[in-house]
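Everything on this sheet refers to the single structure shown next.
Since the structure is predicted, the reported quantities are computational estimates derived from the model, not experimental observations. Per chain, numbering begins at 1; letters A, B, ... match sequence-line order.
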There are 2 protein chains.
Amino acid sequence: MTIKEIAQLAQVSSAAVSRYLNGGYVSEEKKERIREAIEKTGYHPSAQARILRTKKARLIGVVAPKLSSESIARVADGIGEVLAEKQFQMLLTVTNNRSEKELEYMRLFENYPVDGIILIGTVISKKHEKFFEQSKVPIVVLGQYTDKANCVYHDDYGAAKDLAGRIAGKEKKKIAYIGVTRDDRAVGQEREDGFRAGLLEAGIVLPEELYGLSEFSVESGYRQAKAILEKNSDIDIISCATDTIAAGAMEALKECKKERREKVKVTGFGDNQFLKAVSEGITTVHFYYKTSGIKAAEMLLDIIEEGHQVPIRMKLGYQIMEH
Amino acid sequence: MTIKEIAQLAQVSSAAVSRYLNGGYVSEEKKERIREAIEKTGYHPSAQARILRTKKARLIGVVAPKLSSESIARVADGIGEVLAEKQFQMLLTVTNNRSEKELEYMRLFENYPVDGIILIGTVISKKHEKFFEQSKVPIVVLGQYTDKANCVYHDDYGAAKDLAGRIAGKEKKKIAYIGVTRDDRAVGQEREDGFRAGLLEAGIVLPEELYGLSEFSVESGYRQAKAILEKNSDIDIISCATDTIAAGAMEALKECKKERREKVKVTGFGDNQFLKAVSEGITTVHFYYKTSGIKAAEMLLDIIEEGHQVPIRMKLGYQIMEH
DNA sequence: TTGTAAGCGTTATCAG
DNA sequence: CTGATAACGCTTACAA
């Protein structure tokens with residue numbers, strides 16, 4: 001079913017049908033005939049032909065490291081919400097945490113072409129930045145700061161510093177920290193640096209043997225925590241760069257003797273709903289993930305539709321969820 | 001940059017370039033010139049024009065109720081994996097659990113058009129079934145059984161029955177069940193019916209006052225569990241239709257006196273990694289979510305690429321994770 | 001208001 | 001093997 005056939009059925013030109021569809025000049029009389037013809041045939045215009053002609057796809061490419069992470073899923077939910085509302089479609093690819101894939105997919109999107117790209121960022125390399133600068137389609141980076149592209153990110157440093165200050169607060173506790181690769185600037189670098197800075201203000205220097213480097217998984221968090229717990233018998237707090245790692249730490253703790261288990265506290269980042277609900281709950285940082293998805297999508301659509309050219313770097317706050 | 005410009009640069013016809021791109025007859029000599037021209041210009045063919053011409057978009061539409069649920073995210077991860085491997089793109093829409101939206105989005109996809117649709121199912125209405133039957137593009141339903149479309153689903157009934165049998169086993173326990181709307185056949189109906197059947201075999205009839213109806217949220221699970229706990233002082237087990245609800249139940253339990261809290265066990269469905277990791281862990285059912293996403297995507301691509309016409313209803317097994 | 005016709009960037013046919 | 005050329009279904013000057 002094509003626009004021509006509708007035109008024939010309604011005894012008008014295809015241009016008239018096109019105008020009808022897109023709100024141009026059509027007389028009432030013809031409008032009615034066209035409406036009928038479309039109704040009868042169940043005609044739908046071909047998105048592809050329109051895109052080819054107009055160069056507007058109403059399509060946003062989203063690149064995510066994975067979906068099976070509560071924080072990322074919340075972000076993606078937020079993006080989807082805005083896109084649906086504005087009648088944009090979301091083209092989604094998942095990299096399984098392989099940062100090279102990000103570039104590959106962004107290039108794919110650029111040439112598809114989509115109207116804009118949202119990158120849920122992990123490791124922003126020089127190549128990424130070069131891409132941001134030369135890309136033909138607007139890009140918003142989510143979750144990482146970069147000065148080469150518009151971005152929406154969280155106050156990882158501030159939150160970590162705040163958190164460290166609070167838990168170190170009263171008496172000087174013995175605190176361990178399990179982080180992730182510093183290649184991930186937000187989660188690896190900012191959180192660790194902020195955390196160390198917060199401790200320092202309380203007069204504590206994080207010693208090497210109380211630092212662990214973990215992957216983004218419960219399993220890895222478990223192993224790191226286990227190693228630290230085995231070598232240090234008098235820890236008060238294990239702070240983790242993500243709630244996933246924190247879950248692993250709590251798993252490790254389960255294997256300790258009761259009195260010890262009850263003494264050691266675990267903290268995380270992300271305010272995972274399951275951690276909150278069960279067991280004792282942990283002190284964690286609430287970031288506005290869904291909001292970040294919403295803001296990023298809105299920002300991108302703004303650029304696309306209104307042609308805004310002002311570079312924006314949007315930092316979102318946090319909330320410490322103490323327990 | 002278009003195919004014509006490349007043709008000019010390489011001193012060949014656009015047809016030759018097209019053949020080069022799609023593996024047709026081109027002499028070595030021309031191949032080389034074309035390769036150079038493409039290299040130099042960084043040319044990428046327009047996906048849209050090709051789609052318009054070939055009617056093959058290499059595009060799969062996925063309709064999901066939400067992403068911020070571990071099980072659904074795992075499913076989506078599985079789908080994405082297969083699609084990426086086979087060079088298909090995923091167009092994703094999220095309905096926020098509004099089942100009418102599912103139809104709207106599937107229609108949108110049908111007319112886009114995409115090459116196939118995967119519906120991560122919740123409530124399958126008559127309208128859904130009608131759509132399955134008349135759809136122009138192949139559809140695979142995931143997570144729900146239907147005889148009107150190809151589907152991949154989990155053995156919800158069997159798992160629930162098995163689970164109920166095991167926990168009721170030895171001495172007759174006092175067991176409560178918190179389910180969800182029976183409109184959701186898999187999660188609401190099958191799990192509840194299976195569970196009751198399992199209890200029955202152990203000689204237990206689930207009494208009305210030990211049944212709760214919850215939404216798909218921690219909060220709602222909490223409220224239902226709370227209500228049941230308040231009215232029944234001697235419960236041994238609270239079984240929940242999802243791990244999310246189970247998390248709510250555990251939250252409610254936290255507010256009970258210690259001796260009671262330690263007596264009551266909670267069970268769920270989904271094998272959520274956070275529930276597994278923290279606190280005491282709960283007995284739950286592991287479903288092969290990621291596998292189901294993989295199988296559904298493979299099934300769909302098989303239909304699209306090989307034109308398989310045999311209707312398939314694929315039921316995936318489960319594993320009880322006892323604790 | 002309306003219709004005609006010229007593209008958009010490909011691929012497929014068909015005659016060389 | 002190669003190159004014209006005609007679609008694919010739509011939008012948009014432009015002329016009427």
Side-chain angles (χ1 to χ4, degrees), chain A residues 1-38 41-59 87 89 107-115 136-137 305, chain B residues 1-38 41-59 87 89 108-115 136-137:
Chain A
M1 189 57 42
T2 77
I3 201 171
K4 270 193 180 169
E5 300 177 68
I6 298 298
Q8 278 194 319
L9 259 170
Q11 312 261 42
V12 298
S13 72
S14 61
V17 180
S18 176
R19 287 193 199 99
Y20 170 86
L21 257 17
N22 301 295
Y25 292 136
V26 191
S27 65
E28 281 308 322
E29 176 191 14
K30 298 201 170 175
K31 261 186 194 157
E32 182 51 26
R33 294 217 301 274
I34 295 171
R35 205 193 49 67
E36 260 179 38
I38 290 179
T41 57
Y43 161 79
H44 281 268
S46 148
Q48 305 308 336
R50 180 196 296 137
I51 294 169
L52 179 61
R53 184 59 225 245
T54 60
K55 308 283 172 216
K56 290 251 151 273
R58 295 195 86 76
L59 208 53
Q87 314 244 55
Q89 295 296 314
R107 293 210 182 91
L108 185 72
F109 282 151
E110 184 188 21
N111 297 307
Y112 193 80
V114 297
D115 298 315
K136 284 173 285 188
V137 304
E305 302 201 303
Chain B
M1 188 58 40
T2 77
I3 203 170
K4 271 192 180 172
E5 299 178 68
I6 297 298
Q8 277 193 319
L9 259 169
Q11 313 260 46
V12 299
S13 72
S14 61
V17 180
S18 177
R19 284 193 204 99
Y20 171 86
L21 257 18
N22 301 294
Y25 292 135
V26 191
S27 65
E28 281 308 322
E29 177 190 13
K30 298 202 172 176
K31 260 185 195 160
E32 182 52 26
R33 293 215 302 275
I34 295 171
R35 204 191 51 66
E36 261 178 38
I38 292 179
T41 56
Y43 160 79
H44 280 269
S46 148
Q48 305 307 337
R50 180 194 297 137
I51 294 170
L52 178 60
R53 184 59 225 243
T54 62
K55 308 285 172 218
K56 291 251 152 274
R58 296 195 83 76
L59 209 52
Q87 315 243 56
Q89 295 295 314
L108 184 71
F109 283 151
E110 184 186 21
N111 298 308
Y112 193 79
V114 298
D115 298 316
K136 282 174 285 185
V137 304

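Under a 4.0 Å N-O distance rule, the pair A:Glu28/A:Lys31 qualifies as a salt bridge. Ion pairing between a basic and an acidic side chain is recognised when a charged N comes within 4.0 Å of a carboxylate O; A:Lys56 and A:Glu305 show no such pairing.
What separates NZ of B:Lys55 from P of D:dA7 is a distance of 14 Å, to the nearest Å. For the pair A:Ile6 CD1 and D:dG9 P, the interatomic distance rounds to 13 Å; values are reported in whole Å. Taking atom OH of B:Tyr20 as the reference point, atom C1' of D:dT2 lies 17 Å away to the nearest angstrom. Here the P atom of nucleotide D:dG3 and the CD atom of B:Gln8 are 13 Å apart, to the nearest Å.
For the pair A:Ala7 and A:Ser13, the tightest heavy-atom approach, listed with the atom from each and the gap, is CB-C, 3.6 Å.
Taking the side chain as every heavy atom from C-beta outward, A:Gln89 and B:Phe109 approach each other to under 4.5 Å.
Contacts of A:Lys55 classified as salt bridge (Lys or Arg N to Asp or Glu O under 4.0 Å), with partners at least two apart in sequence or in another chain: none. The salt bridge (Lys or Arg N to Asp or Glu O under 4.0 Å) test applied to B:Glu32 returns B:Arg35, not counting sequence neighbours.
A 6.0 Å sphere centred on CD of B:Gln8 holds no more than 12 heavy atoms belonging to other residues, nucleotides or ligands.
At its two ends the helix from C:dT1-D:dA16 to C:dG16-D:dC1 runs along axes set 40° apart, each axis drawn from five pairs and the angle rounded to 10°.
If you walk DNA chain C from 5' to 3' and mark each nucleotide with an atom closer than 4.0 Å to a heavy atom of chain A, the marks span C:dT1 to C:dG9.
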Determine, stepwise, if the pair A:Arg107 / A:Glu110 fulfils salt bridge (Lys or Arg N to Asp or Glu O under 4.0 Å).
-> CA-CA 5 Å; A:Arg107 293 210 182 91; A:Glu110 184 188 21; over 6 Å; no
side-chain contact (heavy atoms from CB on, under 4.5 Å) assessment of B:Ile38 paired with B:Leu21 | CA-CA 10 Å; B:Ile38 292 179; B:Leu21 257 18; 3.8 Å; yes
Give me the distances for all protein-to-nucleotides 10-13 of chain D N/O pairs that come in under 3.5 Å?
residue, atom, partner, partner atom, Å
D:dC10, OP1, A:Tyr43, OH, 2.5
D:dC10, OP1, A:Ser46, N, 3.0
D:dC10, OP2, A:Ile3, N, 2.3
D:dT11, OP1, A:Asn22, ND2, 3.3
D:dT11, OP1, A:Arg50, NE, 3.2
D:dT11, OP2, A:Ser18, OG, 2.8
D:dT11, O2, A:Arg53, NH1, 2.2

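Within the structure, the side-chain hydrogen bond (donor to acceptor under 3.5 Å, both in side chains) test picks out the following pairs touching residues 41-50 of chain A (sequence neighbours left out): A:His44-B:Asn111.
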